[in-house]
Amino acid sequence: MRIVIADDAVLLREGLVRLLTESGHQVVAAVGDGDALVEAVVEHRPDVSIVDVRMPPSHTDEGLRAAVEARRLVPRTPILVLSQYVEVSYADDLLATTGGAGGGIGYLLKDRVAAIDEFLDALRRVAAGGTVLDPEVVGQLFARRRRDDPLRELTPREREVLALMAEGRSNIAIARALVVSDGAVEKHVRNIFTKLTLPPDTEQHRRVLAVLTYLRN
């Protein structure tokens with residue numbers, strides 16, 4: 001594979017170059033900042049890029065933002081992100097870049113590089129268009145989504161009503177589908193609006209907001 005590496009830690013960067021070269025791969029560029037990553041991806045069109053989340057100048061999310069920009073300029077370019085810690089918001093942002101365009105995406109903790117065979121296998125899967133997530137990242141993503149899920153307060157019946165709302169059904173049609181009274185459906189709908197903390201606006205506007213919340217979760 002033809003690979004681009006972006007990491008400002010010289011020792012790790014050079015270690016990756018050596019590891020990948022000895023494994024039969026070609027490192028076409030090894031850079032230390034986000035701008036250089038974007039330029040390298042545009043120039044070389046690598047099979048996969050390995051990117052550190054935190055790079056100069058602020059050492060926050062420059063690597064991730066550069067990866068997103070690289071995928072914008074070179075759609076579907078595979079990216080494997082390495083991070084020292086589990087940073088759930090960054091993982092979410094990275095996964096959001098898949099959209100409908102596809103292209104391999106990976107997010108691993110740097111500790112996984114020590115397990116060489118597993119790391120190389122993850123790299124191959126990302127290059128082939130797959131998605132690879134560190135088990136710790138997966139666990140924290142699920143935990144955060146459980147905490148942040150605005151639908152968690154809804155009863156099973158309210159979820160059914162919201163699902164039918166998402167299909168564009170009126171309260172009367174929902175009542176027929178669930179074999180309940182119109183009044184019961186109206187009560188469920190009011191409860192949904194309250195639990196989703198939707199502003200007291202027009203009925204139709206709140207229905208749209210409720211459906212959008214349902215589709216995002």
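Counting begins at 1 with the first residue of the sequence.
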K.L.:
Can you confirm whether more than 12 heavy atoms, excluding those of Glu14, are under 6.0 Å from its CD atom?
P.N.:
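Result for CD/Glu14: enclosed.
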K.L.:
Which distance, rounded to the nearest 0.5 Å, do you find between the CD of Glu153 and the CD1 of Ile192?
P.N.:
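Here the rounded value is 13.0 Å.
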K.L.:
Taking side chain as C-beta onward, heavy atoms only, is Lys195 less than 4.5 Å from Glu158?
P.N.:
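Sidechains of Glu158 and Lys195: in contact.
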K.L.:
Give me the atom names and distance for the closest heavy-atom approach of Pro78 to Pro46.
P.N.:
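Closest pair (atom of Pro78, atom of Pro46, distance): CD-O, 4.4 Å.
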K.L.:
Just verifying a value: how many Å separate Leu196 CG and Leu154 CG, rounded to the nearest 0.5 Å?
P.N.:
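Here the rounded value is 5.5 Å.
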K.L.:
State the NE2-CG distance between His188 and Leu162, to the nearest 0.5 angstrom.
P.N.:
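With rounding to 0.5 Å, NE2 (His188) is 12.5 Å from CG (Leu162).
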K.L.:
State the CE-CZ distance between Met55 and Arg65, to the nearest 0.5 angstrom.
P.N.:
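These two atoms lie 10.0 Å from each other.
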K.L.:
Mind checking the OG-CD1 spacing from Ser181 to Ile172? Nearest 0.5 Å is all I need.
P.N.:
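Reported value, rounded in 0.5 Å steps: 12.0 Å.
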K.L.:
Looking only at heavy atoms, what is the nearest atom pair of Phe119 and Arg112, with distance?
P.N.:
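Residues Phe119 and Arg112, closest heavy atoms: CB-O, 3.8 Å.
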K.L.:
For a side chain to side chain contact (heavy atoms under 4.5 Å, CB included) check, start with the C-alpha distance between Leu82 and Val51, then their side-chain angles and the critical distance, and finish with the verdict.
P.N.:
CA-CA 6 Å; Leu82 297 179; Val51 182; over 6 Å; no
K.L.:
Any side-chain heavy-atom pair from Asp7 and Ile50 closer than 4.5 angstrom?
P.N.:
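The answer is no, as the side chains (C-beta and beyond) never meet within the 4.5 Å cut-off.
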K.L.:
Under 3.5 Å, which donor-acceptor pairs do the side chains of residues 30-42 form with other protein atoms, sequence neighbours left out?
P.N.:
unit_1: Asp33; atom_1: OD1; unit_2: Asp35; atom_2: N; d: 3.1
unit_1: Asp33; atom_1: OD1; unit_2: Ala36; atom_2: N; d: 2.9

K.L.:
What are the two closest heavy atoms between Arg72 and Glu69, and how far apart are they?
P.N.:
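Where Arg72 meets Glu69 most closely, the heavy atoms are NH2-OE2, 2.7 Å.
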K.L.:
Can you check whether His44 reaches Arg2 side chain to side chain, under 4.5 Å on heavy atoms?
P.N.:
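Result yes, sub-4.5 Å side-chain heavy-atom pair found.
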K.L.:
Working note: Ile5 + Leu20, criterion side chain to side chain contact (heavy atoms under 4.5 Å, CB included); need CA distance, chi angles, decisive distance, verdict.
P.N.:
CA-CA 10 Å; Ile5 299 172; Leu20 295 168; 3.8 Å; yes
K.L.:
Could you check Arg124 against Leu120 for side chain to side chain contact (heavy atoms under 4.5 Å, CB included), going step by step and ending with a plain yes or no?
P.N.:
CA-CA 6 Å; Arg124 282 191 290 268; Leu120 293 175; 3.9 Å; yes
K.L.:
Can you give me the closest heavy-atom contact between Ala173 and Arg169, atom names plus distance?
P.N.:
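Heavy atoms of Ala173 and Arg169 come nearest at CB-CB, 3.9 Å.
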K.L.:
Flag the pair Leu108 / Val81 as yes when at least one side-chain heavy-atom distance between them is below 4.5 Å, and no otherwise.
P.N.:
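Counting from C-beta outward, Leu108 and Val81 never come under 4.5 Å.
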K.L.:
List the atom of Thr77, the atom of Ala70, and the distance in Å for their closest heavy-atom pair.
P.N.:
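That would be CG2-O, 3.9 Å.
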K.L.:
Would you mind reporting whether Ile105 and Leu80 have side-chain heavy atoms less than 4.5 Å apart?
P.N.:
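A side-chain contact is absent here, since even the closest heavy-atom pair is not under 4.5 Å.
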K.L.:
Side chains of Thr60 and Arg54, heavy atoms from C-beta outward: is any pair under 4.5 Å?
P.N.:
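Contact flag for Thr60/Arg54 side chains = no.
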K.L.:
Looking only at heavy atoms, what is the nearest atom pair of Val48 and Ala127, with distance?
P.N.:
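Residues Val48 and Ala127, closest heavy atoms: CB-CB, 4.0 Å.
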K.L.:
Less than 4.5 Å apart, any side-chain heavy atom of Arg71 and any of Ile79?
P.N.:
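In contact.
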K.L.:
Under 6.0 Å from the CZ atom of Arg157, do we count more than 12 heavy atoms belonging to anything else shown?
P.N.:
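Above 12, so yes.
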K.L.:
Do the non-hydrogen side-chain atoms of Gln26 and Ile3 ever get within less than 4.5 Å of each other?
P.N.:
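Side-chain contact under 4.5 Å: no.
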K.L.:
Could you measure the distance from the CG atom of Asp121 to the CD atom of Glu118? Nearest 0.5 Å is fine.
P.N.:
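It comes to 8.0 Å.
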K.L.:
Leu12 vs Lys110, test: side chain to side chain contact (heavy atoms under 4.5 Å, CB included). Steps then yes/no.
P.N.:
CA-CA 9 Å; Leu12 179 58; Lys110 288 185 176 180; 3.8 Å; yes
